[in-house]
Every structure is written in structure tokens, then in C-alpha cells.
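Here is the structure we will look at, set down as C-alpha cells.
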Amino acid sequence: MAPSRAAILGLSGPRLTAAEAALWRRFPPLGAILFARNIQNPAQLRALTNDIRDVLGAAAPILIDQEGGRVARLKPPHWAAFPAAARFEGLPELAQRANAYLLGAMCRAAGLDVVCAPVLDLRLPGAHQVIGDRAFSAEPDEIARLGVACIAGLQAAGCIPVIKHIPGHGRAMADSHHELPRVGAGIAELAQDIAPFRALAGSGAWAMTAHVLYEAWDARLPATLSPVVIDRVIRGEIGFDGLLITDDLAMGALAGLANDLAAAALSAGCDVVLHCTGKLEDAAALLPDCPVLSDTALRRLAVADAARRGFGAGDVTALREVRDGVLAAPVVAVAEGDPTERA
């Protein structure tokens, strides 16, 4: 099999088409990310994940945005609903760890092994609600406390977590799915945003960049495309040495062709690019010129894989009782109309 390209791509629908499989065999991406358009029921999803790994190899990561609350691709009636992150503010770490373990076990059983959570952004009053209750708190220490527990729970379930959106999306006054947010906060304020990411920098999780322009760090380029932000802030001040993936390059915050944006992000210091449209023409434009994974990226992948830990099957019931007992309320339903969903 050809070496994997430094890309993770979306798919067009609930099945891997012959054209997608042919392109992926010729220019294999590292893995895939799934959305609502790819998911119908457990049997169909298991068949899809098997087909993806038949083409890309058994170790190919398959990602899903499954935070709980608004952002959930696995939904009732086939899968359980989980609370939003904000529900856990002030609760014991064990409740969040149990919740994350159960969520991760659900994903793992469906053939999904990389969970794009937790959100470590600040939940700030007056900011755009694209983050909102997806964030644990407005307090960096509380975000770090619950973030550690979430990562541990996901890893215990055999999943790789992806912390987002590094170095912090919480101050954004716009939704990066539709336009580029510009943050005018100074260095002292931004120290609060990066604090949770610094606290979890050595957790073994991957990290996803923010399509946000931080004027105090780089007045010209958003973090995803900024060598300054990636080298000096993410790798330097935060100290994150794990696998760094972009947020979706097709989001409205970025302008340009898929292949040009991928080249710019990788040149800036990202390890892997994420492109989620599922359109064959986008994949065909991006993959041929996308470089293979660097030796550094391969090392970072291995570190994240080694960080996974496991519980025995008998722990599932006990953890559910812990989580539900601490919440002491029904699990909230997943809201419809999530702006981050690419259906």
C-alpha cells in the first residue's frame, strides 16, 4: 500500500463509492471523518467503517465529532444522547470521566476510534454561541480539570481524543464555519485562552486548530495558516508536541482552493489537514499534491496511540451509574440544527 498522505477526508454518503475507493487506493489519506450524511444505523455504519479500513488499512483512524449536546453525529434512536460539556461545570471529575468513557465506548463499538472532543475553549459571555455550552466553563482551571477527566475517559475506552480549538476559539465574535473571526485581545488576555491547552499539552491527545485570526500574534493569517502561531504559540508557549490537525479547510473562514489551503497549512506546521465536504472533486484536487506523513507526524501518531488505555467490560455499568448518579437528572437531548454539522 502507498504511504498515507497527510490528510483526513469526508465521504459523500453512507457507502464508500467505487470512485472514492479508487482514488483513495491511489492516493491514500491517513483516515476519514464521518458526518450525519454518512450514518444511518449501526449495521450500515459498521459496514462503512470496515470498507474504509479495507481500503486504507486496519490502523486507519476514523474520526467523529461526538462531544455531546449539540454536537453529536451518533444520535437516538440508535445511539444514546450525552450531555453538553457545560453540564459538568462544578461536578466531580469522575462524572466527566465516566461520561467520556461511555461516549467513547459507544463510538468504539461503532468502529470509530478518534473522537473530536473535548472543547477547551473558554465559554465567555457575549462571544458567538458557536462555542457556548460546548465549552466546560469560562474559567481556565475548571476547563483544564474537566478536560483531563474527559481525555482520560476517552482514552480508557480505546479512543484518541482531539482537543479543540487550539489556541482558543472562545473570544470569537463570529462563527468560523461562515466567516473569519478576528480576535483583538492582547497577550495578557490570550494567556487565559491558552492555559487549558498548556495544562493538557502532554495528554497524548491530538489537537485541532482554530480558524481564528489573533491580531496580537499574527495580524495577517489565521492560526491554521500561521507559522508564527503554530511555532511560537502552539508548539512553543503552549508546549503541544502532539499531532496537530486543521479544522475543516472548507469552512467559510478560509478562502482558496483545497490543494492550496492544504499546502499552506502543512507549510505553516500542521501535521495533517482535514477536508470534510465529501465531494470527490475536492478530494481529487487535494490528494495528488498532498505530501505523505512526515516522520515527526508518524511519531506523534504513535504517541497518541500508545496513550489509549482500557477497562474491562464489567466497568461499563458501574461507570454509567457513577455518571448518572452525579448528574442526578435525565441526560439532555441532542439539539437539532447544530451549525457545525456538515450534513
Side-chain angles (χ1 to χ4, degrees), residues 7-17 19-21 24 29 31-53 56 60-85 99-100 102-119 129-134 154 159-162 164-165 169 175-178 208 211 245-253 258 273-283 331-343:
I8 293 170
L9 301 182
L11 292 167
S12 60
R15 294 169 184 82
L16 183 66
T17 68
E20 288 168 338
W24 284 19
I33 184 167
L34 302 187
F35 291 89
R37 65 176 183 266
N38 308 118
I39 298 168
Q40 294 176 331
N41 57 64
Q44 168 271 327
L45 180 56
R46 175 54 76 175
L48 176 59
T49 59
N50 287 342
D51 287 346
I52 291 169
R53 292 192 172 105
L56 298 182
I62 302 179
L63 286 65
I64 191 164
D65 284 308
Q66 194 73 22
E67 299 170 9
R70 284 181 288 150
V71 180
R73 312 314 184 203
L74 303 180
K75 297 182 179 182
H78 297 297
W79 293 279
F82 285 78
N99 184 76
L102 295 170
L103 186 151
M106 179 182 74
C107 292
R108 190 73 171 159
L112 308 160
D113 60 350
V114 180
V115 177
C116 297
V119 171
Q129 287 303 297
V130 67
I131 300 300
D133 66 356
R134 299 168 62 195
L154 289 172
C159 293
I160 295 174
V162 184
K164 53 189 186 183
H165 305 81
H169 202 301
D175 182 351
S176 57
H177 293 87
H178 305 297
M208 178 183 291
H211 294 337
I245 69 172
T246 72
D247 206 342
D248 180 11
L249 294 181
M251 287 163 57
V273 298
L274 185 66
H275 199 282
C276 300
T277 64
K279 296 178 180 178
L280 186 65
E281 59 268 29
D282 290 342
V331 175
V332 298
V334 177
E336 297 300 324
D338 168 29
T340 66
E341 175 67 274
R342 187 179 292 278

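Quick caveat: nothing in here was measured; it's all calculated off a predicted structure.
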Which pair of non-hydrogen atoms, one from [X] and one from [Y], has the smallest distance, and what is that distance?
{"X": "Ala253", "Y": "His211", "answer": "CB-CB, 3.6 Å"}
{"X": "Val130", "Y": "His169", "answer": "CG1-CE1, 4.0 Å"}
{"X": "Pro83", "Y": "Asn99", "answer": "CD-OD1, 3.4 Å"}
{"X": "Cys107", "Y": "Cys159", "answer": "CB-SG, 4.5 Å"}
{"X": "Met208", "Y": "Cys116", "answer": "CE-SG, 4.1 Å"}
{"X": "Pro29", "Y": "Ala7", "answer": "CB-O, 3.3 Å"}

Mind checking what makes salt bridge (Lys or Arg N to Asp or Glu O under 4.0 Å) contact with Asp133, not counting sequence neighbours?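 For Asp133 the salt bridge (Lys or Arg N to Asp or Glu O under 4.0 Å) partners, ignoring immediate neighbours, are Arg70.
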
A side-chain contact here means heavy atoms from C-beta on lying under 4.5 Å apart; do [X] and [Y] qualify?
{"X": "Leu74", "Y": "Leu45", "value": "yes"}
{"X": "Trp79", "Y": "Gln66", "value": "no"}
{"X": "Pro61", "Y": "Ile160", "value": "no"}
{"X": "Val71", "Y": "Val119", "value": "no"}
{"X": "Leu280", "Y": "Ser12", "value": "no"}
{"X": "Asn38", "Y": "Arg73", "value": "no"}
{"X": "Ile39", "Y": "Lys75", "value": "no"}

Please round to the nearest 0.5 Å and tell me the distance separating atom [atom1] of [X] and atom [atom2] of [Y].
{"X": "Thr49", "Y": "Asp113", "atom1": "OG1", "atom2": "CG", "value": "9.5 Å"}
{"X": "Asp282", "Y": "His275", "atom1": "CG", "atom2": "NE2", "value": "4.5 Å"}
{"X": "Leu11", "Y": "Ile52", "atom1": "CG", "atom2": "CD1", "value": "5.0 Å"}
{"X": "Ile8", "Y": "Leu63", "atom1": "CD1", "atom2": "CG", "value": "4.5 Å"}
{"X": "Arg46", "Y": "Leu112", "atom1": "CZ", "atom2": "CG", "value": "8.0 Å"}
{"X": "Leu9", "Y": "Leu56", "atom1": "CG", "atom2": "CG", "value": "9.0 Å"}

Salt bridge between Asp65 and Lys164, side-chain N to carboxylate O under 4.0 Å?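 A salt bridge links Asp65 with Lys164.
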
Sequence neighbours excluded, which residues qualify as side-chain contact (heavy atoms from CB on, under 4.5 Å) partners of [X]?
{"X": "Ala21", "value": "Leu16, Arg25, Val55"}
{"X": "Gln40", "value": "Pro14, Arg15, Gln44"}
{"X": "Ala47", "value": "none"}
{"X": "Ala85", "value": "Phe136"}

Under the rule for side chain to side chain donor-acceptor pair (under 3.5 Å), what residues qualify as partners of Thr246, not counting sequence neighbours?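 Counting only residues at least two positions away or on another chain, Thr246 forms no side chain to side chain donor-acceptor pair (under 3.5 Å).
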
